[in-house]
Amino acid sequence: MEREVRVRFAPSPTGPLHIGGVRTALYNYLFARKMGGKMLLRIEDTDQNRFVPGAEQYIAESLKWCGIELDESPWSETPGPHAPYRQSERKPMYMEYAMQLINSGHAYYAFDTPEELDAMRARLTAAKVPNPQYNSITRTQMRNSLTLPEDEVKQLLDSGSPYVIRLKVPRKEEVRFNDMIRGWVVVHSSSIDDKVLMKSDGMPTYHLANIVDDHLMEITHVIRGEEWLPSAPLHVLLYRYFGWEDTMPQFAHLPLLLKPDGTGKLSKRDGDRLGFPVFPLEWHGTDVETGQPTVSSGYRESGYLPDAFINFLAFLGWNPGSQQEIFSMPELIEAFSIERVSKSPARFDQNKVRWYNEHYLRAKPDTELAQFLLAALQEHNIACSAEKAVQIVGAMKERVTFPQDFWREAQYFFIAPESYDEQVISKKWNAATASALLEFAQELPAHSDTTPEGIKTLLTMVLERQGVKIGQVLQALRVVVTGVAAGPDLMAIMSILGAQETAQRITTAVERLASKISA
RNA sequence: GGUCCGUUCGUCUAGGGGUUAGGACAGUAGAUUUUCAUUCUACCAACAGGGGUUCGAUUCCCCUACGGACUACCA
């Protein structure tokens, strides 16, 4: 019988989730939904030293913002069939499994102190050993249950001496697995070291906990970052020694996300260095060295729409094979397949995310966009009707990238200009223009038709009477009304502003600019 | 150093033994627009190098170069 597809996203709560992690979660989610399976989240918090308060909530909030839904997680209202979903809460069960390996001869106790380990590595390095590690050769010279007499081991254990449990990796054996993205990967066991399975603090390492939990949680596909590829053979060995090979999940190692500049994988530090977010949400942390509070910017706070962010992220390392660029989440699910994930790493493209954002912003109905403007206006204590806000965003939407641009670039709809674009004034302001515009302003309030067309009719009429061409005064009129040289259709602006306000602004400006008239 | 992974326009990528090597973003130019933008059109621009295999290789194989990941009682 076909097993139900079950995938997991397994972050550790050591800080904010960065976009690479979000992409991993996204691909897991798309795959699960596409296959009609389940998506679960497990918190990998086996390293108590690296625990960061707030990180777990951050992960939850990030995924929620992205629209990545979880079928099973530590935050579900109902516990879920494999609860708990935090490894720290599963602690008691790991030792049992480690013992299973000890009993079957695939693992052993090691009593070496950190100093002894360092000394061993130093010795091997000095001897120019190509690959210094705790392995089938070196373990014969270390203090472990393989070299020590049985009664001494027992005595050490009984006396509570600190110890770890290590995997006994075979000396020469080929370990292979078929990666869904990379095909067959073959590694010789001699290059794998005797990894620690249980730490001296009684917690399992990632390697043990990961395999035990994936097995218990009936995970069918492990989709994770490429940084895990080197340890995948070790995991295969673990499945084998536990006798779980027949239900071992299929692996898919995702290509890395690279820094936009230079080389290397994108790291948490790159964000502020490059002036664009690497985190989905803003993060308030502390600098590890100075202890000072730090703020890292997030896509959400920067004005990115979740749909745009997700669409962009999905295309970083995957493509549908068609020429379609715009995909909603349901469309992504429909089109997604692991086979179409590329092998090579992808670099960030800030222009592309912006483009996606502009696209998604323009696709939104004006009534929805108006909410962004209305919210900003409320912050500034400016009253505005919903209808007016809809009109304004309708006029502005073709020229903004972020929702906050509406307020930033449309302030003149609410606040009369205090200054006027210098360049336009010095070029276009003259006596003829001033008198024509003044006449226009005088007649405007009595003009009945204040639609953009109606206003244009009046303006044309006045200008004809004055013998001035429209092209000569329009830029000046725009600056006089808005203060700036760029913006949407001027007739629409004046229409939204209303006849009174427009006329007022023109008269004020004519007075203020009297001295600027060039002869 | 060792092990593993990768390499098509500036970027994200399609393609695949015979193609004018396609698209998108960015860039440039033009058209539209009373401004800026939008929109439209055009242009620019790539198979890392060397060997094989083959009638033919960007595509398959090998080597080199370059890049990256991993190499902890971190995940």
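So that the names make sense, note that chain A is the first sequence line, chain B the second, and so on, each numbered from 1.
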Between the base of B/rU35 and the side chain of A/Arg478, is there a donor and acceptor pair under 3.5 angstrom?
yes
Need the pair for B/rU54. Rule: Watson-Crick or G-U wobble, both distances under 3.5 Å, any strand; none if unpaired.
none
If we call it a pair only when both distances are under 3.5 Å in a Watson-Crick or G-U wobble match, what pairs with B/rU41?
B/rA29
Contact class for A/Gly471 vs. all strands (heavy atom < 4.0 Å): base, sugar-phosphate, or nothing?
nothing
Indicate, with a heavy-atom threshold strictly under 4.0 Å, whether A/Pro162 touches base, sugar-phosphate, or nothing.
nothing
Watson-Crick or G-U wobble partner of B/rA69, both distances under 3.5 Å
B/rU3
Over how many whole Å does the gap from A/Asp201 atom CG to B/rA72 atom P extend?
18 Å
Can you pull every protein N or O that's under 3.5 Å from an N or O on nucleotides 28-33 of chain B?
none

Closest-nucleotide ordering on RNA chain B, the 5'-leading residue of A/Asn351 and A/Glu44:
A/Asn351
Using a heavy-atom cut-off of 4.0 Å across all strands, would you classify A/Lys397 as base, sugar-phosphate, or nothing?
nothing
Base, sugar-phosphate alone, or nothing: which one does A/Ala485 contact when heavy atoms must sit under 4.0 Å apart?
base
Quick one: label A/Asp489 by what it contacts on the DNA or RNA (base, sugar-phosphate, nothing), any heavy atom closer than 4.0 Å.
base
Would you sort out whether A/Leu458 and A/Leu444 count as a side-chain contact (heavy atoms from CB on, under 4.5 Å), showing the intermediate values?
CA-CA 8 Å; A/Leu458 176 69; A/Leu444 189 55; 3.7 Å; yes
Can you work out whether A/Ala486 or A/Asp193 has the more 5'-proximal nearest nucleotide on RNA chain B?
A/Ala486
Close N/O contacts between protein and nucleotides 3-7 of chain B (under 3.5 Å):
residue	atom	partner	partner atom	Å
B/rC5	O2'	A/Arg182	NH1	2.6

Between B/rC70, B/rU13, B/rC73, which nucleotide has the shortest distance from any of its atoms to the side chain of A/Ala346?
B/rU13
Phosphate OP1/OP2 of B/rA72 contacted by A/Lys199 side-chain N/O (<4.0 Å):
no
Pairwise side-chain contact, A/Leu148 with A/Leu156, heavy-atom cut-off 4.5 Å (strictly under)
yes
Ring centroid separation A/Phe402 to A/Phe372 under 6.0 Å
no
Just jot down the salt bridge (charged side-chain N to carboxylate O under 4.0 Å, His left out) partners of A/Glu409, sequence neighbours excluded, or say none.
none
Closest to side chain of A/Arg340, choosing from B/rG15, B/rC12, B/rC73
B/rG15
Would you indicate what A/Val196 reaches in the nucleic acid, counting non-hydrogen atoms under 4.0 angstrom: base, sugar-phosphate, or nothing?
sugar-phosphate
Across the strands shown, which category fits A/Asp405 at heavy-atom distances under 4.0 angstrom: base, sugar-phosphate, nothing?
nothing
What do you reckon, is CZ of A/Arg171 surrounded by more than 12 foreign heavy atoms closer than 6.0 Å?
no
Could you work out which one of B/rG10, B/rU38, B/rU35 sits closest to the side chain of A/Glu398?
B/rU38
Using atom P of each nucleotide, how far apart are B/rC40 and B/rC4 to the nearest Å?
50 Å
Which of residues 352-366 of chain A sit near RNA chain B, with a heavy atom under 4.0 Å from it?
A/Lys352, A/Trp355, A/Arg362
Round to a whole Å and report the spacing from NZ of A/Lys259 to P of B/rU11.
17 Å
Rounded to whole Å, the CD-P distance (A/Glu115 to B/rA72) equals 17 Å
With a 3.5 Å cut-off and no angle check, do the side chains of A/Gln466 and A/Ser435 form a donor-acceptor pair?
yes
Rounded to whole angstrom units, what separation is found between the CG atom of A/Asp47 and the C1' atom of B/rA75?
8 Å
Distances for protein N or O near nucleotides 40-44 of chain B N or O, under 3.5 Å:
none

Under-4.0 Å side-chain N/O to phosphate OP1/OP2 contact, A/Ser342 with B/rU13
yes
Just say parallel, tilted or perpendicular for the rings of A/Tyr27 and A/Phe336, cut-offs at 30° and 60°.
tilted
Could you go through the side-chain contact (heavy atoms from CB on, under 4.5 Å) check for A/Phe51 and A/Thr14 one step at a time?
CA-CA 5 Å; A/Phe51 174 79; A/Thr14 54; over 6 Å; no
Over all strands shown, is A/Arg224 touching base, sugar-phosphate only, or nothing at heavy-atom distances under 4.0 angstrom?
nothing
Check step by step if side-chain contact (heavy atoms from CB on, under 4.5 Å) holds for A/Phe279 and A/Leu17.
CA-CA 7 Å; A/Phe279 300 113; A/Leu17 188 63; over 6 Å; no
Rounded to whole Å, the CD-C1' distance (A/Glu325 to B/rG22) equals 12 Å
Would the A/Phe309 and A/Tyr299 ring centres measure less than 6.0 Å apart?
yes
Mind checking if A/Thr46 touches a base, just sugar-phosphate, or nothing, with heavy atoms under 4.0 Å?
sugar-phosphate
Kindly write out the residues that satisfy salt bridge (charged side-chain N to carboxylate O under 4.0 Å, His left out) with A/Arg362, not counting sequence neighbours, or none if the list is empty.
none
For the residue pair A/Pro255 and A/Ser344, establish whether any side-chain heavy-atom pair is separated by less than 4.5 Å.
no
Spacing of the P atoms in B/rA69 and B/rC12 (rounded, Å):
16 Å
Please determine if A/Arg166 forms a cation-pi arrangement with A/Tyr134, meaning its NZ or CZ atom is less than 6.0 Å from the six-membered ring centre and no more than 45° off the ring axis.
yes
Could you walk me through whether A/Asp194 and A/Lys168 pass the salt bridge (charged side-chain N to carboxylate O under 4.0 Å, His left out) test, one step at a time?
CA-CA 6 Å; A/Asp194 286 2; A/Lys168 191 177 167 193; over 6 Å; no
Both distances under 3.5 Å, Watson-Crick or G-U wobble: report the partner of B/rA48, or none.
B/rU64
Quick one: A/Phe312 CZ to B/rC12 P, roughly how many Å, whole number?
10 Å
Nearest-Å distance, CZ (A/Phe348) to C1' (B/rC25)?
14 Å
A/Thr14 near the nucleic acid: base, sugar-phosphate alone, or nothing, with a heavy-atom cut-off under 4.0 Å?
nothing
Flag if over 12 foreign heavy atoms under 6.0 Å of CZ, A/Arg354
no
Among A/Arg23, A/Lys265, A/Lys343, A/Arg182, which residue satisfies the salt bridge (charged side-chain N to carboxylate O under 4.0 Å, His left out) criterion with A/Glu226?
A/Arg182
Classify A/Leu256 by what it touches in the nucleic acid, base, sugar-phosphate, or nothing, heavy-atom distance under 4.0 Å.
sugar-phosphate
Identify whether any heavy atom of A/Gly317 sits under 4.0 Å from a base atom; if not, whether one sits that close to sugar-phosphate; answer base, sugar-phosphate or nothing.
sugar-phosphate
Please report the distance, rounded to the nearest Å, between CZ in A/Arg347 and P in B/rA24.
23 Å
With distance as the sole criterion, is a donor-acceptor pair present between the side chains of A/Tyr94 and A/Asp213 under 3.5 Å?
yes
With a 3.5 angstrom cut-off on both distances, give the Watson-Crick or G-U wobble partner of B/rU20, or none if there isn't one.
none
